[in-house]
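Right, one structure below, let's go through it.
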Amino acid sequence: MRRKRHTPGQAVRKLREGGKRLNAGEGLGSVLRYLEITESTWSCWRSAYGGMKAADVKELKELRVENTG
């Protein structure tokens, strides 16, 4: 499989879509294949962006840039 980088906003959107599919009764394997990500990526994203929305991720990124500068 080709390696692909996702932006934090894309990660949050994929987490939401995956959560909806899991709640609808799909298995984790089929959800991960649909989203085209691995289980380790899913776990990392859940720990990093768990309950965030796309706007929250953008604000977090801005704060990180502000703190480094």
Side-chain angles (χ1 to χ4, degrees):
M1 185 188 299
R2 192 178 119 220
R3 186 176 172 104
K4 184 176 181 181
R5 298 273 181 186
H6 294 85
T7 65
Q10 290 172 329
V12 169
R13 284 190 288 279
K14 285 194 175 194
L15 281 174
R16 288 175 136 208
E17 178 66 26
K20 288 178 187 176
R21 287 177 169 267
L22 287 172
N23 288 335
E26 271 189 64
L28 181 60
S30 64
V31 170
L32 295 177
R33 276 190 299 277
Y34 173 77
L35 297 174
E36 298 178 339
I37 59 174
T38 63
E39 189 171 353
S40 62
T41 300
W42 175 261
S43 298
C44 288
W45 285 355
R46 281 188 46 141
S47 66
Y49 307 118
M52 292 184 158
K53 296 180 181 173
D56 296 336
V57 173
K58 185 176 180 181
E59 183 179 337
L60 178 64
K61 183 178 178 182
E62 290 171 355
L63 289 173
R64 284 183 180 166
V65 169
E66 182 180 311
N67 287 336
T68 60

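Atom set for the values below is all heavy atoms of this structure, side chains included, hydrogens, waters and symmetry mates excluded. When a residue number appears, it is its place in the shown sequence, counting from 1.
Within the structure, side chain to side chain donor-acceptor pair (under 3.5 Å) pairs that include any residue of residues 41-50 comprise T38-T41 (at least two apart or interchain).
Interatomic distance, H6 NE2 to E36 CD, rounded to the nearest 0.5 Å: 7.5 Å. Between atom CG of residue L28 and atom CZ of residue R33 there is a gap of 9.5 Å, rounded to the nearest 0.5 Å. Atom-to-atom distance recorded for T7:OG1 and K58:NZ is 11.5 Å, nearest 0.5 angstrom.
Heavy-atom neighbours of E59 CD from other residues, nucleotides or ligands within 6.0 Å: at or below the threshold of 12. Around atom CD of E39, no more than 12 heavy atoms belonging to other residues, nucleotides or ligands sit under 6.0 Å away.
Residues V31 and L22 come closest through the heavy atom pair CG2-CD2, 3.9 Å. In plain terms, the two heavy atoms of Q10 and R5 that are nearest each other are OE1-O, 4.1 Å.
Under the salt bridge (charged side-chain N to carboxylate O under 4.0 Å, His left out) criterion, E17 pairs with R21, sequence neighbours left out.
Considering only heavy atoms from C-beta on, R64 stays 4.5 Å or farther from T68 through its side chain.
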